[in-house]
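Worksheet: one structure, shown below.
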Amino acid sequence: MNESYKELLIKKDRGAKETLARIACMVPTVLLGLLTLRTGFVYFFIGVLLFGVLDYFVFQWTDIEYEYLYLDKEITVDKIMAKTRRKRVAQIDVNKIEIIAPEKSHQLDSYRNRQVKAKDLSAGHDLPEQKLYWIFYEGSQKYVMNLTEDFVKTVKGIIPRKVFTD
């Protein structure tokens, strides 16, 4: 029995939308805080507290990492928010995978026009040691993940005809 264990942690890049959301929440909090100090008005202080709670949740939702774990013919993906909360977002049985290939691979040509539900579990682009891979699963799902060569090699040991690295 081939039992391998691989773990990979990917930090999702904050895009313009996430950065804008953080700024849009922090600016009113700071302004209300300054008004509270200047005037001492209680309603401004309540506004600071409410925007502070909103800031907390926005910062939680915009600081995301993905953890890929390969163990015993199964890839599990957990979403880690602000390094405090963890949620399982995908569980992939390796034997049900149709194909794993880099995003720009010619092996994916017959899959590109397929209308399937896609889950982006990546940093959003290639990283120095990690390529962006597409994984087609059970004919109805597509996962986009950043994988290292070592991680792909481990999966290729189980399903060599379905994993491509070109």
Closest approach of [X] to [Y] (non-hydrogen atoms, all atoms of both residues):
{"X": "M26", "Y": "D55", "answer": "N-OD1, 3.7 Å"}
{"X": "S105", "Y": "D166", "answer": "OG-OD1, 2.9 Å"}
{"X": "F45", "Y": "T36", "answer": "N-OG1, 3.3 Å"}
{"X": "N146", "Y": "S122", "answer": "OD1-CB, 2.9 Å"}
{"X": "G47", "Y": "L32", "answer": "C-CD1, 3.7 Å"}
{"X": "Y5", "Y": "L69", "answer": "CE1-CD1, 3.1 Å"}

Flag for T62-R22: side-chain donor and acceptor within less than 3.5 Å: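 A pair is found: one side chain offers a donor N or O, the other an acceptor, under 3.5 Å apart.
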
ILVMFWY network linking [X] to [Y], side-chain heavy atoms under 4.5 angstrom:
{"X": "Y56", "Y": "V53", "answer": "yes"}
{"X": "I80", "Y": "Y143", "answer": "no"}
{"X": "F41", "Y": "L31", "answer": "no"}
{"X": "L54", "Y": "F59", "answer": "no"}
{"X": "W61", "Y": "I23", "answer": "no"}

Is a side-chain N or O of K119 found less than 3.5 angstrom from the main chain of A90, in a donor-acceptor match?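 Checking the backbone N and O of A90 against the side chain of K119, no donor-acceptor pair under 3.5 Å is found.
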
Kindly say whether K6 contributes a backbone atom to a donor-acceptor pair with the side chain of Y68 at under 3.5 angstrom?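 Answer holds: no.
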
[X] [atom1] to [Y] [atom2] distance, which is reported to the nearest 0.5 Å:
{"X": "L49", "Y": "F44", "atom1": "CG", "atom2": "CZ", "result": "14.0 Å"}
{"X": "L9", "Y": "E65", "atom1": "CG", "atom2": "CD", "result": "4.5 Å"}
{"X": "E149", "Y": "K156", "atom1": "CD", "atom2": "NZ", "result": "10.0 Å"}
{"X": "L132", "Y": "L127", "atom1": "CG", "atom2": "CG", "result": "8.5 Å"}

Between [X] and [Y], does at least one N-O distance fall below 4.0 Å, as a salt bridge requires?
{"X": "D78", "Y": "K87", "answer": "no"}
{"X": "K131", "Y": "E103", "answer": "no"}
{"X": "D63", "Y": "K11", "answer": "yes"}
{"X": "R86", "Y": "E67", "answer": "yes"}

So do [Y] and [X] actually touch side chain to side chain, heavy atoms under 4.5 Å?
{"X": "Q60", "Y": "T84", "answer": "yes"}
{"X": "T76", "Y": "E74", "answer": "yes"}
{"X": "Y137", "Y": "V116", "answer": "no"}

For M145 and I135, what are the C-alpha separation, side-chain angles and deciding distance, and is it a side chain to side chain contact (heavy atoms under 4.5 Å, CB included)? CA-CA 8 Å; M145 301 168 70; I135 300 174; 3.4 Å; yes

Apply the test side chain to side chain contact (heavy atoms under 4.5 Å, CB included) to residues T165 and Y133: give CA-CA distance (whole Å), side-chain angles for both, the deciding distance (0.1 Å), then the verdict. CA-CA 9 Å; T165 57; Y133 278 83; 4.1 Å; yes

Among L8, V152, L147, find the one that has a side chain to side chain contact (heavy atoms under 4.5 Å, CB included) with Q130.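 Only one option passes, and that is L8.
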
Testing I100, I75, V155 one by one against I92 for a side chain to side chain contact (heavy atoms under 4.5 Å, CB included), which residue passes?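 Of all the options given, the one that passes is I75.
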
Which residue pairs pass the ring-ring contact (aromatic ring centres under 6.0 Å, His included) test with at least one member in residues 83-122, sequence neighbours excluded?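 Non-adjacent pairs meeting ring-ring contact (aromatic ring centres under 6.0 Å, His included): Y111-F136.
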
Can you spot which of R114, Q141, K142, K162 makes a side chain to side chain donor-acceptor pair (under 3.5 Å) with E98?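 The single option meeting the side chain to side chain donor-acceptor pair (under 3.5 Å) with E98 is R114.
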
Under the criterion side chain to side chain contact (heavy atoms under 4.5 Å, CB included), I'd like the reasoning laid out for F57 against M81: C-alpha separation, chi angles, the key distance, then a yes or no. CA-CA 10 Å; F57 286 112; M81 293 181 284; over 6 Å; no

Should I99 and F164 be marked as a side chain to side chain contact (heavy atoms under 4.5 Å, CB included) after you check the CA-CA gap, both sets of side-chain angles, and the distance that decides it? CA-CA 8 Å; I99 188 170; F164 300 95; 3.6 Å; yes

Decide if atom CD of E129 counts as having more than 12 heavy atoms of other residues, nucleotides or ligands within a radius under 6.0 Å.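 At most 12 heavy atoms, drawn from other residues, nucleotides or ligands, come within 6.0 Å of this atom.
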
Looking at W134, I'd like to know if the NZ or CZ of R112 sits under 6.0 Å from its six-membered ring centre while staying within 45 degrees of the ring's axis.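 Yes - R112 lies over the ring of W134, closer than 6.0 Å to its centre and within 45° of its axis.
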
Over 60° means perpendicular and under 30° means parallel, so classify the ring planes of F151 and Y70, tilted if in between.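 Taking F151 first and then Y70, their aromatic rings stand perpendicular (interplane angle over 60°).
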
